[in-house]
Amino acid sequence: MIKSVCRDSLAPVFLLVLLAGQAHGQTCYSPERPFVPTDPQDVQEYRDLIGRDFETYISDIQSYFRCLEEERARAFEEAREVSQEYGRFLEITSE
């Protein structure tokens, strides 16, 4: 009887520990802004390189926005799960 009660009461705690260990956030790194020289002659001389830098930035900033959105969705889901786990914890500890 005591073993059953202990086992049943420890199962949710074990689940909390297990789920907490699985939650990992994602780090999103914003891309570096392209450098544009202030001298118009330099801009003309390096226009191909600068143009590629802008194209790379635009591609990278789109990836950055996707990363932020994915992390936002993950964090909301994690918060929902933790809130439910907290409710179960309160039920267990209030008995």
Side-chain angles (χ1 to χ4, degrees):
M1 175 74 173
I2 293 176
K3 284 184 178 182
S4 176
V5 170
C6 288
R7 186 181 64 234
D8 292 343
S9 63
L10 289 178
V13 174
F14 178 73
L15 180 63
L16 285 173
V17 170
L18 181 64
L19 290 175
Q22 293 177 349
H24 293 102
Q26 177 173 244
T27 302
C28 303
Y29 297 101
S30 63
E32 230 178 277
R33 292 178 65 139
F35 172 75
V36 180
T38 54
D39 183 351
Q41 191 173 9
D42 288 342
V43 172
Q44 282 299 321
E45 186 174 344
Y46 297 105
R47 69 177 176 241
D48 292 339
L49 177 63
I50 296 168
R52 284 192 302 271
D53 285 349
F54 274 104
E55 290 169 7
T56 299
Y57 175 83
I58 291 167
S59 174
D60 290 349
I61 199 73
Q62 291 171 348
S63 296
Y64 175 65
F65 289 146
R66 281 191 296 275
C67 178
L68 290 174
E69 181 57 33
E70 289 168 5
E71 177 56 17
R72 180 187 155 284
R74 187 209 59 78
F76 271 107
E77 178 62 21
E78 179 182 283
R80 185 190 64 75
E81 291 170 358
V82 169
S83 178
Q84 290 175 348
E85 291 166 4
Y86 184 58
R88 288 190 294 272
F89 166 77
L90 291 176
E91 286 177 6
I92 293 168
T93 58
S94 66
E95 292 177 1

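Positions are given from 1 along the sequence.
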Hey, does the side chain of S59 reach the backbone of E55 with a donor-acceptor pair shorter than 3.5 angstrom?
no

Apply salt bridge (Lys or Arg N to Asp or Glu O under 4.0 Å) to the pair R74 and E77, showing each step before the final yes or no.
CA-CA 5 Å; R74 187 209 59 78; E77 178 62 21; over 6 Å; no

Taking atom CD of Q26 and atom CD of E70, what is their separation to the nearest 0.5 Å?
5.5 Å

Starting at CD of Q84, measure out to CZ of R88 and round the result to the nearest 0.5 Å.
6.0 Å

Atom pairs and distances, donor-acceptor, side-chain atoms in residues 33-50, under 3.5 Å, two or more places apart:
from : atom 1 : to  : atom 2 : distance (Å)
D39  : OD1    : Q41 : N      : 2.9
Q44  : OE1    : R47 : NH1    : 2.8

Any side-chain donor-acceptor pair under 3.5 Å between S83 and R80?
no

Distance, nearest 0.5 Å, that separates OH of Y64 from SG of C28
7.0 Å

Taking atom CD of E69 and atom CZ of R66, what is their separation to the nearest 0.5 Å?
11.5 Å

